[in-house]
Number of protein chains: 2
Amino acid sequence: MDEPNVQDDSRKFTRESAEYRREALILATLDLIAEMGVRGATVREIAARANVTQGLIRHYFSSKDELVQAAYEHHMNTLTDQTAASSGEGTALSRLSNFVDASLRPPIVDPSAVALWAGFLNKVQHDPKMQRIHQRTYNYFRDHLETLIVAALRECGRSVEASEAMQLAIACNAVIDGLWLEGGALPDAFAEGQLAQIGLESVSAIIGIPLKKEVEQP
Amino acid sequence: MDEPNVQDDSRKFTRESAEYRREALILATLDLIAEMGVRGATVREIAARANVTQGLIRHYFSSKDELVQAAYEHHMNTLTDQTAASSGEGTALSRLSNFVDASLRPPIVDPSAVALWAGFLNKVQHDPKMQRIHQRTYNYFRDHLETLIVAALRECGRSVEASEAMQLAIACNAVIDGLWLEGGALPDAFAEGQLAQIGLESVSAIIGIPLKKEVEQP
DNA sequence: GGAATTATTATACACTTGCATAATTGCGAG
DNA sequence: CTCGCAATTATGCAAGTGTATAATAATTCC
């Protein structure tokens, strides 16, 4: 995030690759939106936090709106990538457990993550393009969860119809989202691991299968 | 919400009670925060929507921040009042069912309600006073739900320890919040009544008691 | 190594924002 | 009826907003 070329000689600035600058601007934007909302994230602050002057934003993005859109897309892609990684290996049951557990601990459960989500909501509700990104990500999560649930049930010798599976996925997704929300909005109201534990028990109850938290190897 | 005195003669304005003006300003503020966020709700727009000029805001509130705080408090109080009303009569089981059901239908589930919540979040996270209001309301909801759950369990001849009851309440609260969130953020993704149905089934599963939706009398 | 390219900075502008202060004007008290 | 007070409007201001345009300077290509 800092300048990679530490040449503090009389150079007034350093040229960086377009990719580097775009990402720096996007990350600064996400930071600021989490802190102050979209309107509070001014182009001047964004530029300052990305160590450039404000004019450069217009060089990479045709408007602030476009930068915000790009930031949203970047953020959502990061989210889905993280998720995909969290439930990679093992039996279906353990993959589901790990997924729930990981979704209810830092860095997923985090005040600024919730703030970021809230900051974007207005834009999402008004801009059709952002709406599509939102819907796509939501569906991705829910389908992922549904796949895990169906696999876990099958592993226990049970099978469900498609519509029932979808309802289970919606419900489990809601528990996770609700706990995520509350953990991020009231960080001090829950003990460490409490959210994950409650999440696991609730998902267990909803799908009717006991899930155990993975034992950590120290 | 409109002017009560319809005297469109040459009067330039009408004097109203302090209470009336305060409430009009607060409601206009809530409307605008839901639409554009706190920063987007400018004093000029608020005044216009309350049918006054912007100077009057300073006459009733010492700053925009104070107006926003008052609006938040007003909103939260309205919320808790509505909740208390939704689960008034009947057996414990039916009161719990009604509470869950009412929490997952309009007007509670509503895009602007979620937008309002999101709009306030930044302020809540930064301003200790608003944080207290938030915490108080959250606790109120959770305790209310916990009371309903414990009563319903007792009605079925079961009893739970305090810590277990709290966990059940947190979990049920999370399902409700998560479904509320998703219903408000993606209004077209769910059929009418679907959220309420999923909510009832999930709460049933979590606490281990079958809940039936009340039959409506047409 | 010099010139072209273009990433980057610098400056300017029209507009909005919250707030302060002064000027009105409706309305009740006497 | 009119006088005084406070509710309300009118006006102004300094700071901040996004964006447009011109000026500079770092890097590349030959």
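Chain naming here is simple, since letters A, B, ... match the order of the sequence lines and numbering starts at 1 in each. None of these values were measured; they are calculated from a predicted model.
Between the CG atom of B:Leu25 and the P atom of C:dG18 there is a distance of 14 Å, given to the nearest Å. Across the protein-nucleic acid pair, A:Leu32 atom CG and D:dG18 atom P stand 11 Å apart, rounded to whole Å. Atom-to-atom, CZ of B:Phe61 to P of C:dG18 comes out at 15 Å; the value is rounded to the nearest Å. If you take CD of A:Glu45 and P of D:dT17, they are 8 Å apart, rounded to a whole angstrom. Distance B:Leu67 CG to C:dG18 C1': 12 Å, rounded to the nearest Å. Between the NZ atom of B:Lys64 and the P atom of C:dT16 there is a distance of 15 Å, rounded to whole Å.
Evaluation of atom-type donor-acceptor distances gives a pair under 3.5 Å for the side chain of B:Arg44 against the base of C:dG18.
Closest approach of B:Leu116 and B:His75 over heavy atoms only: CD2-CE1, 3.3 Å.
Salt bridge A:Glu73/A:Arg136: present, at least one basic N to carboxylate O contact under 4.0 Å.
Between the side chain of A:Trp180 and the main chain of A:Ser103, no donor-acceptor pair closer than 3.5 Å is present.
The OG1 atom of A:Thr137 lies 7.0 Å from the CG atom of A:Asn77; values are rounded to the nearest 0.5 Å.
In this structure, the ring of A:Phe120 has its center no less than 6.0 angstrom from the ring center of A:His134.
A residue-by-residue look at A:Arg58 and A:Thr42 shows that A:Thr42 has its nearest nucleotide of DNA chain D further toward the 5' end.
Considering B:Thr29, B:Ile33, B:Asn122 as possible partners of B:Val38, the one that fulfils the side-chain contact (heavy atoms from CB on, under 4.5 Å) test is B:Ile33.
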Please write out the pairs of protein N or O atoms and N or O atoms of nucleotides 7-9 of chain C separated by less than 3.5 Å, giving the distance to one decimal.
unit_1, atom_1, unit_2, atom_2, d
C:dA7, OP2, A:His59, NE2, 2.8
C:dT8, OP1, A:Thr14, O, 3.3
C:dT8, OP1, A:Glu16, N, 2.8
C:dT8, OP1, A:Arg21, NH1, 2.3
C:dT8, OP2, A:Tyr60, OH, 2.6
C:dT8, O5', A:Arg21, NH1, 3.4
C:dT9, OP2, A:Thr53, N, 2.9
C:dT9, OP2, A:Thr53, OG1, 2.7
C:dT9, O5', A:Thr53, OG1, 3.1

